[in-house]
Amino acid sequence: MADTNYPLDLLRLDKSSAEPLHLQIRNGLRAMILDGRLKSRTRVPSIRNLARTLQVSRNTVVSAIDQLVAEGYLESRPGAGCWVTDTHALSSVGIRARAGGSMPSLSTRGDLMSRQALIQGQPHQAAFHPGVPETESFPFKVWGRILKRKSASSGDDLFGYHTIAGLYDLRVAIAEYLTVSRGLNCVADQIVPTTGAQAALDFLARMLIDEQDAVMMENPGFLGARSAFLAAGARLVELPVDECGWHPVQRPPNHPKLIYLTPSCQHPLGMTMPLEQRLEILEIARRDEAWIIEDDYDGEYNFFGDPVPAMQGLVEDAPVIYVGTFSKVLFPSLRIGYAVVPPDLAKKARAVLSFTGQHPSLVLQATLAEFMSAGHFSRHLNRMRRLYARRRKAFLEFCDTYVSEWLKPLDERTGIQIACKAVVPMDDLGIAAQAADRGLSLVPLSYYGLAGSAKSGFVMGYAAVPEDKMEEAFKTLRSVLSGEV
Ligand SMILES: Cc1ncc(COP(=O)(O)O)c(C=O)c1O
C-alpha cells in the first residue's frame, strides 16, 4: 500500500461552529501535519483551489495558510506555492510536543485504524470523485413528504429503543427487492439493516474473525473492508485480481476463515466475476469452512443486459453473507445498508449489531420502507440507469478524445465509477495532487493495493458529472497529464 500523501480531502469544516473558519482550516491542517497524514514536502493545493473545494473565501484560506507559515508548519516561496515543512525539523524544535500535548495512547487497533487511508468526498463534489451517485435527480419532494409523515406521527411507534432488529416493513421490502432483482434466496428474517455497508462489514468482522485468522481479500480491493478486517485482528491473505478476473490460490498456506469479494462489480477495477470463478470460490469456502462476504455495493448498475445474480442465491446453503447498501442507489448520507445472513445466524447477528449501535434510525427505515413499497425506489433506479448509461458513454468518449495517450479505461459492465489504468509510467499520487489543485478529484489506483503490488492509474466517478461539465473536466485533466501548468 502506497503512502497517503494526498489526504487534504479529510479537512472538514463546520460552518455552524462558533470557531472561525480560518482557525478550523489551520487546526485541521496542523493536526494532519503533526500526526503524519500530511507528509513533509507535500505540496499544499493553491489558495484558489482550497477556497473552492472548502467553499470558503480566499481571504479565509490566506489567513489560515499565513498563520501556518508563521508557525513553521508550512514553507512558501513566492510564485511557487506552499509545502509542508520537513517534519524532522518540526520535532527537533519541539513544535510537536507543544501542539499535541501529552495524551494517553490509543490501542494498537485504534492506532492501526486511524492510520488507514481514507477516501472521502467534499460537499459540492469535484469531477471525478468515485462512488458518488447523482443526487440532483433524487425525488426529494416525495421522500420529504414520506419522511415528514413518519416523523410526525407516534402511531407507528418509531421513537423508542425497540426494533433494533430492523423495521419489519423495511426487511420485507429489501428481501422482496433482492429476491426479484438480485437473485437472492432470502426472507425478511435474514435481513439485518445497518448504518451502511461499511457498518455491516465492521460488525461482521467483529462477529466472525478471531485474532490472527486468515482473511482472503481481493487485491486491489476495498479499503473499508481491509480496515474492518485488520481492526478485527485478521491476517490478510491476498486474492489477486486483474482485468482478467480473480485468481484464487487453490491451496492457500492457511485456511481462510473468511473470503471477501465484490463479485458483481470488483472494487476498484469494475469487472464482474464469471460463473465458473464464483463456483470455484464457493467450493474453496466449503472445503475450508470459510465464510464468504459478498459485498454487492454497486451491482444494480449493469450497462449491458440485466444485473448478474448474486452468489448468495447460486447454490443451496452457501456460506455466503451478502452485504448491500442504499448509498449508491439513493444517496450516501442516508446511511442505510444491510447484511443478509443465513437463517441460523440471524438472531446472533442482531444481538451483536445491537452492541455496536450501528442500526439505522427507525424513522428513516420507515421512510425507506414506504419509498420502496410504493414503487418510488424502482422508478428512481430505472431513471438513474438511463442517466448513467448516457454519462458513462460520454465519459468513455471524452476519455478517448482527451487522455488516451495516458489512460485506458477498463470499460467493464457495471458500476458508477470506472478504473482507468495508466498506459505509460505514471506517479498517480503526484498527478492526483496536481489535479486536485485544478479542481479535480481523482483517486489513485495505487491506493488500493496491498503492499508492493500497486498499479498506477485512477478510479474515476462519472455518475455525478453532467455531460457539459465532463468535457471541461477532461480538458483540465489532459493539461495536467501533459504537464501544462
Ligand atoms: C466496495 C464498497 N463496499 C462498501 C462500501 C460502503 O458503502 P456504505 O456507504 O453503505 O457504507 C463502499 C463505499 O464506497 C464500497 O465501495
Side-chain angles (χ1 to χ4, degrees), residues 9 113 116-122 125 128-135 138 166 170 174 178 182 191-205 215 217-231 239 241 246 258-273 292-301 310-312 320-340 353 356-361 364-365 368 412 414-419 441-445 447-449 458-464:
D9 64 350
M113 289 176 84
Q116 297 302 306
L118 190 60
I119 300 169
Q120 275 183 343
Q122 289 287 332
Q125 196 61 66
F128 299 121
H129 196 83
V132 276
E134 171 66 89
T135 43
F138 184 75
L170 179 63
I174 293 175
L178 293 176
R182 308 295 300 121
I191 312 292
V192 183
T194 58
T195 49
Q198 181 65 40
L201 295 173
D202 180 58
F203 104 84
L204 290 169
V215 168
M217 160 99 206
E218 296 171 336
N219 182 26
F222 176 48
L223 297 175
R226 215 174 94 105
S227 300
F229 298 137
L230 285 174
L239 168 47
V241 187
W246 285 249
L258 190 150
I259 304 174
Y260 169 81
L261 302 168
T262 48
S264 303
C265 179
Q266 203 277 332
H267 186 96
L269 299 180
M271 308 83 60
T272 302
M273 189 186 285
I292 290 177
I293 292 186
E294 175 177 24
D295 180 352
D296 197 15
Y297 69 110
D298 210 7
E300 284 89 349
Y301 297 114
M311 276 172 95
Q312 192 271 3
V320 177
I321 299 178
Y322 176 96
V323 168
T325 177
F326 289 95
S327 290
K328 315 295 173 182
V329 284
L330 297 180
F331 52 93
S333 71
L334 178 59
R335 306 315 305 144
I336 301 188
Y338 46 89
V340 183
L353 185 72
T356 70
Q358 292 171 338
H359 35 83
S361 138
L364 287 179
Q365 291 190 53
L368 178 55
E412 300 296 343
T414 49
I416 58 171
Q417 55 197 1
I418 295 182
S441 177
L442 306 174
V443 176
L445 205 47
Y447 259 14
Y448 293 89
F458 305 103
V459 183
M460 296 169 68
Y462 65 86

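Both ligands and their constituent atoms are indexed starting at 1 by order of listing. If you read the sequence from its start, that first residue is 1, and numbering goes on from there. These numbers come from the heavy atoms of this one structure, side chains and all, not from hydrogens, waters or symmetry mates.
Of the N or O atoms in T195, none lie within a sub-3.5 Å distance of an N or O in ligand 1. Backbone and side-chain nitrogen or oxygen atoms of R335 are examined, and one is located within less than 3.5 angstrom of a nitrogen or oxygen of ligand 1. The shortest N or O to N or O distance between T262 and ligand 1 is not below 3.5 Å. Remark: ligand 1 and Y260 share no N or O pair separated by less than 3.5 Å (distance only, no angle test).
From the protein, the heavy atom lying nearest to atom 5 (C) of ligand 1 is F222 CZ, 3.4 Å. Taking atom 9 (O) of ligand 1 as the reference point, the nearest protein heavy-atom neighbour is S327 OG, 2.7 Å. For atom 3 (N) of ligand 1, the closest heavy atom belonging to the protein is D295 OD2, 2.6 Å. For atom 14 (O) of ligand 1, the closest non-hydrogen atom on the protein side is K328 NZ, 2.7 Å.
Every atom of ligand 1 is numbered from 1 in the order shown, and the set under 4.0 Å from a heavy atom of G196 is 10 (O), 11 (O).
At a heavy-atom cutoff of 4.0 Å, ligand 1 is contacted by both the backbone and the side chain of A197. Only the side chain of H267 comes within contact range of ligand 1, with a heavy atom under 4.0 Å; no backbone atom does.
A side chain to side chain donor-acceptor pair (under 3.5 Å) with S264 is found for exactly one of D298, D296, T414, namely D296.
Note: F222 and H267 have perpendicular aromatic rings, judged against thresholds of 30 and 60 degrees for the angle between ring planes.
Side-chain contact check for V192 versus F203: some heavy-atom pair is nearer than 4.5 Å. Counting heavy atoms from C-beta on, the side chains of L368 and F326 come closer than 4.5 Å.
Aromatic rings of F128 and Y462 (six-membered ring for Trp) have centroids beyond the 6.0 Å cut-off, not under it.
Of all heavy-atom pairs between L261 and M273, the closest is CD2-CE, 4.0 Å.
Judged purely by atom type and a 3.5 angstrom limit, Q116 has no side-chain atom pairing as donor or acceptor with the backbone of S227. For E300 (side chain) and V329 (main-chain N/O), no donor-acceptor pair under 3.5 Å exists by modelled atom type.
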